[in-house]
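Numbers for residues simply follow the sequence, beginning at 1.
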Amino acid sequence: MTTRRHILAGLGGAALLTACREPVARLTADRAAVPDLVLADTTSGLVTLLGERMDRHGLAIAAPDGSRVYTATPLDGNATTLSTVESSTGREMERARLAGRWMPRVVSPSGRLVVLTPAGAGSSGVASAGAAGQPVARTRSRIMIAGSGGAVHDVHLTGNFEPDAVTYDETGVFVLEWLPATAPDHYRVRLMEFGTGTPQPLLTRNKVAVPAGAEEEMRGEGRQAVLHPTGHILYTLYTHQPDHRHTRNILAGRRSDVHAFVHVLHLAERWAYCLDLPAPFGQGPAAGHALALSPDGSRLMVVDATAGRLALADAAALTISRVVALPPVGGTASVAAGAGSCFVAAGEWIHVVDSAAGAVAGTWRAGGAVHGLGVSRDGARLYVGRPDGIAWLDSRAGAQLGSVPVAGILSLRCAR
């Protein structure tokens, strides 16, 4: 999930429009004060940075706005401490003891609830909502919904289920049901209202119940998810969908050759819809794809860096407005959105794209493979994750303003 605010207002100068800048300076051993609250996933867990602070949270997940972090610490006697931590200060706000060993998986749109699954039970691991990987075979699943004061719901399900998102009103949880349970290789999204314990089909975009036998079953990879600024809608990028058929295709009796799409899940109205992406999206490596949402939630941006394509979509109408050509680059892709533009990275290259013009406005070299991008609230700084840590650049010119070493960066974002 990305941050929100203006990036390229007043961007001018012919030099930027055509420049390919030299690599920015390598990170130094000296720590610098980080101007904005940055959250980074690393090989050793979640890290938050602000000013001179660097807090390592370990097994943890952050609220959508980044303001708080939920950490899970195993205790002797088969128990877990669930701590609610204020991201900007590192202060522990609440602490609760949960029976059993748990890992945090999903946080509700408001940040008040966290969904956990048993640690070491073969689940897909800590992940952003909508980006779960394939679980191990099992016929029973357990999901814990907790708040800062402790457990709220302890749900036992028959079947192989993973949490995906919490409803906007916090009365239910969307889950991925993996099929077959004992040899999972595909899944479908379902809704379980708290207190019922029985997952049900979602509604269609027209708010009509999906008929029996018409639920979408997916085999691809949930690459990345972003939440709308209002918290009402979750957009998840899925790639590599062999033989996938949307509900609308099943009802119409037709097939689909789409290899990638954005799964749109309305957390308040409880419907789902798939925004298909044109070829060649989904045909290349999943890691070469990334997703972002504009600060006002009006535009979706999906990149296939390997193919050199950036799709711009109307997030309300759920239609592709244009596809921008980029220089193809291998490696893991990242994208961070601004009000009228976005930054796209893969390998060690960062492209500045003017969304209105539908064109690349500048290209910078990052000085190392990029492992995530984030934009400050005021749009003045672009944060770049690199193998040796985090650097922040002037978002207008690309010059490095500061850096801090952080080991094992996997991805990053700025707090909203």
Checking side-chain polar atoms at under 3.5 Å, does [X] have a donor or acceptor matched by the opposite partner on [Y]?
{"X": "T89", "Y": "E86", "answer": "yes"}
{"X": "S44", "Y": "T42", "answer": "yes"}
{"X": "R142", "Y": "T117", "answer": "no"}
{"X": "D314", "Y": "T319", "answer": "no"}

Next item on the list: Could you list the residues that satisfy ring-ring contact (aromatic ring centres under 6.0 Å, His included) with W102, not counting sequence neighbours?
Entry: none
Note to self: Please enumerate all residues that pass ring-ring contact (aromatic ring centres under 6.0 Å, His included) together with Y383, with sequence neighbours excluded.
What the structure shows: W392
Identify the two heavy atoms, one from [X] and one from [Y], that lie closest to each other, and give their separation to 0.1 Å.
{"X": "V69", "Y": "A60", "value": "CG1-CB, 3.7 Å"}
{"X": "E269", "Y": "L203", "value": "O-CD1, 3.6 Å"}
{"X": "V173", "Y": "T167", "value": "N-CG2, 4.3 Å"}
{"X": "I233", "Y": "L227", "value": "O-CD1, 3.4 Å"}
{"X": "S355", "Y": "C342", "value": "OG-N, 4.1 Å"}
{"X": "L37", "Y": "L50", "value": "N-CD1, 3.5 Å"}

Is there side-chain contact between [X] and [Y], with heavy atoms separated by less than 4.5 Å?
{"X": "S395", "Y": "R381", "result": "no"}
{"X": "E162", "Y": "R105", "result": "yes"}
{"X": "L412", "Y": "V406", "result": "no"}
{"X": "R416", "Y": "P229", "result": "no"}
{"X": "T236", "Y": "L265", "result": "no"}

Is [X] reaching over with its side chain to a backbone N or O of [Y], donor-acceptor style, under 3.5 angstrom?
{"X": "R396", "Y": "A380", "value": "no"}
{"X": "H371", "Y": "L410", "value": "no"}
{"X": "S334", "Y": "G372", "value": "yes"}

Margin query: Checking D55 now: which residues fulfil salt bridge (Lys or Arg N to Asp or Glu O under 4.0 Å) with it, not counting sequence neighbours?
Written below: R53
Notebook entry, point to check: For R95, does the CZ atom have more than 12 heavy-atom neighbours from other residues, nucleotides or ligands under 6.0 Å away?
Noted result: no
Next item on the list: May I ask you to decide whether R68 forms a salt bridge with E94, counting only side-chain N to carboxylate O separations under 4.0 Å?
Entry: no
Next item on the list: First locate atom CG of L98, then atom OG1 of T80, and finally report the distance between them rounded to the nearest 0.5 Å.
Entry: 6.0 Å
Next item on the list: Enter the distance from L46:CG to D41:CG here, rounded to the nearest 0.5 Å.
Entry: 6.0 Å
Next item on the list: Among T71, T73, T48, find the one that has a side-chain hydrogen bond (donor to acceptor under 3.5 Å, both in side chains) with H57.
Entry: T48
